[in-house]
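Comments concern the structure below.
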Amino acid sequence: MKDILDLHTHTIVSGHAYNTLYEMIRSASEKGVELLGVTEHAPRIPGACHPFYFINFRVVPRTIYGVKLLLGCELNIIDYEGHVDLEPRHSKALDFAIASIHDPCYTNGTAAQNTSAYINAMKNPLVQIIGHPDDGRFPVDYESLVCAAKEHRVLLEVNSSSLHPQCSRVNARDNYITMLELCRKHQVSVIIDSDAHCEADVGNHARAHALLEEIGFPEELVVNSSIERAAGFIPRLNDPIYTGGASK
């Protein structure tokens with residue numbers, strides 16, 4: 001499977017990652033990643049940056065070391081209504097956003113409540129990707145989740161880090177199999193991401209690829225093969241900077 005994207009990564013700005021922005025981009029360049037998304041954690045994660053970080057993205061070039069760059073945020077879903085933890089005045093400069101449930105920022109509910117949290121977050125125009133919807137500690141109704149992703153044209157993430165044997169997320173592999181079979185049934189697209197917190201993991205989608213291959217998941221439902229395919233879900237990618245036209 002052709003795979004040129006990695007849109008979920010973190011730098012030292014997130015507080016618990018280990019490399020700088022330019023180190024992560026250089027690593028992407030060395031590994032043949034053509035489009036890198038850097039998505040620092042939003043403020044409710046312990047140690048994350050001040051919201052002011054997200055208002056100054058205009059100063060950063062969108063092509064560095066030959067790699068196209070998207071600057072976004074991994075937003076924390078904070079309640080069953082799908083609210084997130086970055087105010088509009090701080091989110092206006094984002095190229096895109098991932099919305100995720102993280103233990104320190106969210107009170108676990110029933111499967112219906114957790115599903116409602118995800119679906120309501122999908123309605124937020126900031127959100128183009130639901131991050132690691134795989135953690136058995138936060139049970140969800142996967143059929144409802146998949147159908148909502150199709151309705152709201154939001155990508156569901158297959159997070160390679162979740163499949164690491166030492167990851168704290170619970171039952172990710174089995175939950176992904178359930179989710180992916182429903183994505184196949186309903187023709188819903190997914191994105192593979194590394195969730196890299198270290199330059200060594202940039203573009204490392206090996207565990208996700210192995211799982212997709214094991215279940216024979218159709219390549220046409222994975223957007224990682226081209227920027228154009230991802231642009232169907234992430235409006236910023238229709239900018240000439242990413243499509244090959246003149247830069248702004």
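Sequential numbering from 1 along the given sequence is applied to the chain's residues.
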Would you call [X]-[Y] a salt bridge at under 4.0 Å N-O?
{"X": "R184", "Y": "E181", "answer": "yes"}
{"X": "R236", "Y": "D95", "answer": "yes"}
{"X": "K2", "Y": "E219", "answer": "no"}
{"X": "R173", "Y": "E214", "answer": "yes"}

Looking just at side-chain N and O atoms, do [X] and [Y] make a donor-acceptor pair shorter than 3.5 Å?
{"X": "S27", "Y": "E199", "result": "yes"}
{"X": "Y80", "Y": "N114", "result": "no"}
{"X": "D85", "Y": "N76", "result": "yes"}
{"X": "H50", "Y": "H90", "result": "no"}
{"X": "R207", "Y": "S160", "result": "no"}

Strictly distance-based, threshold 3.5 Å: is any side-chain N or O of [X] a donor or acceptor partner for the main-chain N or O of [Y]?
{"X": "T63", "Y": "G66", "result": "no"}
{"X": "T115", "Y": "A111", "result": "yes"}
{"X": "T9", "Y": "A196", "result": "no"}
{"X": "S14", "Y": "A17", "result": "no"}
{"X": "D79", "Y": "G82", "result": "yes"}
{"X": "N159", "Y": "D193", "result": "no"}
{"X": "N120", "Y": "A117", "result": "no"}
{"X": "Q128", "Y": "P125", "result": "yes"}
{"X": "D6", "Y": "L36", "result": "no"}
{"X": "K31", "Y": "A200", "result": "yes"}

Within one Ile-Leu-Val-Met-Phe-Trp-Tyr cluster: [X] and [Y], side-chain cutoff 4.5 Å:
{"X": "L212", "Y": "Y142", "answer": "yes"}
{"X": "V188", "Y": "V223", "answer": "no"}
{"X": "F96", "Y": "L71", "answer": "no"}
{"X": "I119", "Y": "L75", "answer": "no"}
{"X": "L5", "Y": "L163", "answer": "no"}

Could you go through the side-chain contact (heavy atoms from CB on, under 4.5 Å) check for I77 and S100 one step at a time?
-> CA-CA 6 Å; I77 299 172; S100 305; 5.9 Å; no
To the nearest 0.5 Å, what is the distance between [atom1] ([X]) and [atom2] ([Y])?
{"X": "Y118", "Y": "H152", "atom1": "OH", "atom2": "NE2", "result": "15.5 Å"}
{"X": "H164", "Y": "N204", "atom1": "NE2", "atom2": "CG", "result": "9.0 Å"}
{"X": "L69", "Y": "M24", "atom1": "CG", "atom2": "CE", "result": "11.0 Å"}
{"X": "L21", "Y": "T11", "atom1": "CG", "atom2": "OG1", "result": "6.0 Å"}
{"X": "H102", "Y": "H41", "atom1": "NE2", "atom2": "NE2", "result": "5.0 Å"}
{"X": "L86", "Y": "I55", "atom1": "CG", "atom2": "CD1", "result": "10.5 Å"}

With side-chain contact (heavy atoms from CB on, under 4.5 Å) as the test, would you mind laying out the steps for C198 and N19 before giving the verdict?
-> CA-CA 6 Å; C198 176; N19 290 95; 3.8 Å; yes
Would you call [X] and [Y] a side-chain contact if the rule is heavy atoms closer than 4.5 Å?
{"X": "V222", "Y": "I192", "value": "yes"}
{"X": "I78", "Y": "R44", "value": "yes"}
{"X": "R137", "Y": "S168", "value": "yes"}
{"X": "E228", "Y": "L237", "value": "no"}
{"X": "S194", "Y": "H205", "value": "yes"}
{"X": "I177", "Y": "L211", "value": "yes"}

Taking all heavy atoms of C167 and all of S161, pick out the closest pair and write down the distance.
->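 Closest approach of C167 to S161, heavy atoms only: CB-O, 3.4 Å.
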Just do the side-chain contact (heavy atoms from CB on, under 4.5 Å) check on H16 and H10 with the steps written out, would you?
-> CA-CA 9 Å; H16 57 277; H10 300 273; 5.7 Å; no
Can you spot which of D135, D195, D103 makes a salt bridge (Lys or Arg N to Asp or Glu O under 4.0 Å) with R169?
->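 In the set D135, D195, D103, the residue that makes a salt bridge (Lys or Arg N to Asp or Glu O under 4.0 Å) with R169 is D195.
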Within 45 degrees of the axis of the six-membered ring of F233 and under 6.0 Å from its centre: does R153 put its NZ or CZ there?
->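 So R153 does make the cation-pi contact.
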Under 6.0 Å between the ring centres of F217 and Y176?
->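 Not close enough - the centres of the two rings lie 6.0 Å or further apart.
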Compute the ring centroids of H197 and H8, then answer whether they are less than 6.0 Å apart.
->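 No, too far apart.
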Going by the side-chain contact (heavy atoms from CB on, under 4.5 Å) test, name the single residue among D134, L180, I191 that passes it with V158.
->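 So, applying the side-chain contact (heavy atoms from CB on, under 4.5 Å) to V158 and each of D134, L180, I191, only L180 qualifies.
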Given M179, E151, Q187, the one that forms side-chain contact (heavy atoms from CB on, under 4.5 Å) with V146 =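 Output: one option passes, namely M179.
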Report the C-alpha separation of I4 and L35 in whole Å, then their side-chain angles, then the decisive distance to 0.1 Å, and conclude whether the side-chain contact (heavy atoms from CB on, under 4.5 Å) test is met.
-> CA-CA 7 Å; I4 61 168; L35 177 67; 6.0 Å; no
Run the salt bridge (charged side-chain N to carboxylate O under 4.0 Å, His left out) check on K185 and E143 step by step: do they pass?
-> CA-CA 10 Å; K185 172 183 173 183; E143 184 130 33; 3.0 Å; yes
Parallel under 30°, tilted from 30 to 60°, perpendicular over 60°: which one fits the rings of F54 and F57?
->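 Rings of F54 and F57: perpendicular, as their planes differ by over 60°.
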Are more than 12 heavy atoms from other residues, nucleotides or ligands located less than 6.0 Å from atom CZ of R62?
->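 Above 12, so yes.
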